[in-house]
J.: 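Take this structure, written in structure tokens, and hold onto it; I'll ask about it next.
Residue numbers run from 1 in the order of the sequence given. First listed ligand is number 1; within each ligand, the first listed atom is number 1.
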Amino acid sequence: MNRKLPAWLEDAVFYEIYPQSFQDSNGDGIGDIPGMTARLPYIKSLGCNAIWLNPLFDSPFKDAGYDVRDYKKVAPRYGTNEDLYAFFAKAHALGMHVFLDLVPGHTSEEHPWFKESGKAKKNAYSDRYIWSDFWLYGIPNHPYIGGECERNGVYMLNFFKCQPALNYGFARIDYPWQQRPEDPGPMATREAIKDICRFWLSHGCDGFRVDMADSLVKEDADKKKTGEVWQDILGSLRKEYPEAAFVSEWSNPVQSLKGASFDMDFYLDHPGNGYNTLVRDYETEGGDHSYFTKDAGGDITRFLADYLPKYERTRSDGYISFLTGNHDTPRIRNQHSVREVALSLALLFTLPGVPFLYYGDELGMPYQKDLPTKEGGYTRTGSRTPMQWSAGKNAGFSEADPEKLYLPVDADDLTCNVESEDGDPVSLLNTVRALLALRHSEKDLQAGGDLQIVYAAAEDPLFVYRRGGIVLAVNPSGAERVLPGETKGTILYAIGQQRSLEKGLVLGPQSFVALRAE
Ligand code: GLC
Ligand code: CA
């Protein structure tokens, strides 16, 4: 399709903030917008020039805010709409862009649309959600709820019980109560979503991370109809805001970037996919097979077999976004040493596409095991704990009494914090800064630059790739590896030890190097 992508994405590096846990400014134990605003210079100092904020809208918080009650109102616990506009302004003054989180697939059951929709008397919101016309057989193939409203039918869920599915229609009609994507109800839902986006874009937001973007049209096996809905929504918004950008939670770049015209698509942690084989393949039989686990027999070809065809097919449509982690997945540090994390970030930040760094991953923040579920977090809760700014009270996150904190600080692992890593030139924090500085200084390393594989083999952990004039090599194993003879150049950046021999450059155990090719 070759649509022109917003130019600013070419050199963008995103930082994801879970607002609950970043910085509390008023001592109530929960993060807030003024706290995040005060920390913008820190984020900038990392080399991140864009931010994605998890939902911070009015909500009963049964799914951490992914159950929206009012799309246009900041949740009072985080501040006011004016605070958010000020956050946009300060970010822009620092040359940064800001994404909000758009949840188009469902609302909270407390959203006024849903309350109207559940009424027996037909009204303007009757078709905003998916309702059957009879209770007994429910809604085939989908979870549904009955017995809650006066309306004569049951309604479909999109995720938790508190999240009824918005109605974008069905690609295949099996029952008379199902509507087509072009019917008036589903068309009105689309317009409502456009209206929400316009509202925030007009106040300075630069785009959206789109939650469960593939979930809109039901019984849509090939996602063609869902893609058409997005073409319509994004097409309308781009006419008014040509620099706005959109990243999908989809993890199918052909469907998302080509079919639905998103600018970026997350490469999510789906068991067995290419991303998973790099840092998260520890649940398969026979133990840990992650490529970056030292001496786990790492095989980069498993990543390449999945990634390269997707990259080749979509590289003229948009970007595949690698992430260090997110609010839904155990932190990378859970299974990996600091060096393993450093090496994996070196790869993720030097591949094509627009990378996303999850708050705290730049420090190697721990995943807190066995925390009781908080706001629908379940096992995700351990990745949502307070940002560790210092070794002081509550890790510098909040002035509140420790028992009042949204989630506890990990008292055992406070060595990992901004203050202490800041002063250590080889800390993970400063490694991240150096890697991102390298990426910003070399056009070839940015989103759209070429990628060539120089050396990759199933039985050898050494991986060598080329981005334009830069050759990069990674050795996750505990043994030295010699670079293939033809890879020569001056070292721009390195992790670990290297030495030069007659036969070529030798990469020490667990090392990475970026060379300007000769
Ligand atoms: C996405 C979000 C997740 C949320 C779910 C339902 O997967 O990332 O946190 O619970 O959608 O909105
Ligand atoms: Ca607060």
J.: Are the aromatic ring centres of Trp135 and Tyr144 under 6.0 angstrom apart?
T.: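 No - the distance between ring centres of Trp135 and Tyr144 does not fall below the 6.0 Å cut-off.
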J.: Could you tell me which atoms of ligand 1, counted from 1 in the order shown, lie closer than 4.0 angstrom to a heavy atom of His106?
T.: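 It comes down to these atoms of ligand 1: 6 (C), 12 (O).
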J.: Give, for atom CD1 of Ile30 and atom CZ of Arg77, the distance between the pair rounded to the nearest 0.5 Å.
T.: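 Taking CD1 in Ile30 and CZ in Arg77, the distance rounds to 3.5 Å.
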J.: Can you pull the ring pair (Phe, Tyr, Trp, His ring centres under 6.0 Å) pairs that have at least one residue in residues 357-377, sequence neighbours excluded?
T.: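 Residue pairs with at least one partner in residues 357-377: there are none.
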J.: At less than 4.0 angstrom from any non-hydrogen atom of Met212, what atoms of ligand 1 do you find?
T.: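 Numbered from 1, ligand 1 contributes 6 (C), 11 (O).
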J.: Using a cut-off of 3.0 Å, how many protein N, O or S atoms sit around the Ca ion (ligand 2)?
T.: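 Excluding waters, the total comes to 5.
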J.: What atoms in ligand 1 come closer than 4.0 Å to a heavy atom of Tyr66?
T.: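 Near Tyr66, the atoms of ligand 1 are 2 (C), 4 (C), 9 (O), 12 (O).
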J.: If we set the cut-off at 4.0 Å for heavy atoms, which region of Glu375 has an atom near ligand 1: side chain, backbone, both, or neither?
T.: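 It is neither; nothing of Glu375 touches ligand 1.
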J.: So, are Glu249 and Arg209 salt-bridged, with charged N and O less than 4.0 Å apart?
T.: yes
J.: Once you round to the nearest 0.5 Å, how far does NZ of Lys393 lie from OG of Ser398?
T.: 7.0 Å
J.: Which atoms of ligand 1 are found less than 4.0 Å from any heavy atom of Arg380?
T.: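 By the 4.0 Å cutoff, the relevant atoms are 3 (C), 4 (C), 9 (O), 10 (O).
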J.: When the ring centroid of Tyr155 is compared with that of Trp131, is the distance short of 6.0 Å?
T.: yes
J.: Nearest protein heavy-atom contact for atom 2 (C) of ligand 1: which residue, which atom, what distance?
T.: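 So the nearest neighbour among protein heavy atoms is Asp211 OD1, 3.0 Å.
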J.: May I ask you to say whether Asp70 pairs ionically with Lys72, meaning some side-chain N is under 4.0 Å from a carboxylate O?
T.: no
J.: In plain terms, say whether Asp317 and Arg315 are close enough for a salt bridge, that is, a side-chain N and a carboxylate O under 4.0 Å apart.
T.: no
J.: Would you please determine whether Lys62 falls within less than 4.0 Å of ligand 1 on a heavy-atom basis?
T.: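 False for this residue.
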J.: Taking 4.0 angstrom as the limit and counting only heavy atoms of Glu249, give me the atoms of ligand 1 inside it, by number and element.
T.: 1 (C), 7 (O), 8 (O), 11 (O)
J.: Run the numbers for me: atoms of ligand 1, each under 4.0 Å from some heavy atom of Asp63, listed by number.
T.: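 So the atoms of ligand 1 that pass are 4 (C), 5 (C), 6 (C), 10 (O), 12 (O).
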J.: Who pairs with Phe170 by ring pair (Phe, Tyr, Trp, His ring centres under 6.0 Å), at least two apart in sequence or on another chain?
T.: Trp177
J.: Would you say the rings of His97 and Phe88 are close, in the sense that their centroids are separated by under 6.0 Å?
T.: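 Between Phe88 and His97, the centre distance exceeds or equals 6.0 Å.
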J.: Counting non-hydrogen protein atoms only, what is the nearest one to atom 8 (O) of ligand 1? Give residue, atom name and distance.
T.: Asp328 OD2, 2.5 Å
J.: Can you list every pair that meets salt bridge (charged side-chain N to carboxylate O under 4.0 Å, His left out) and has a residue in residues 348-370, with sequence neighbours left out?
T.: Arg331-Asp361
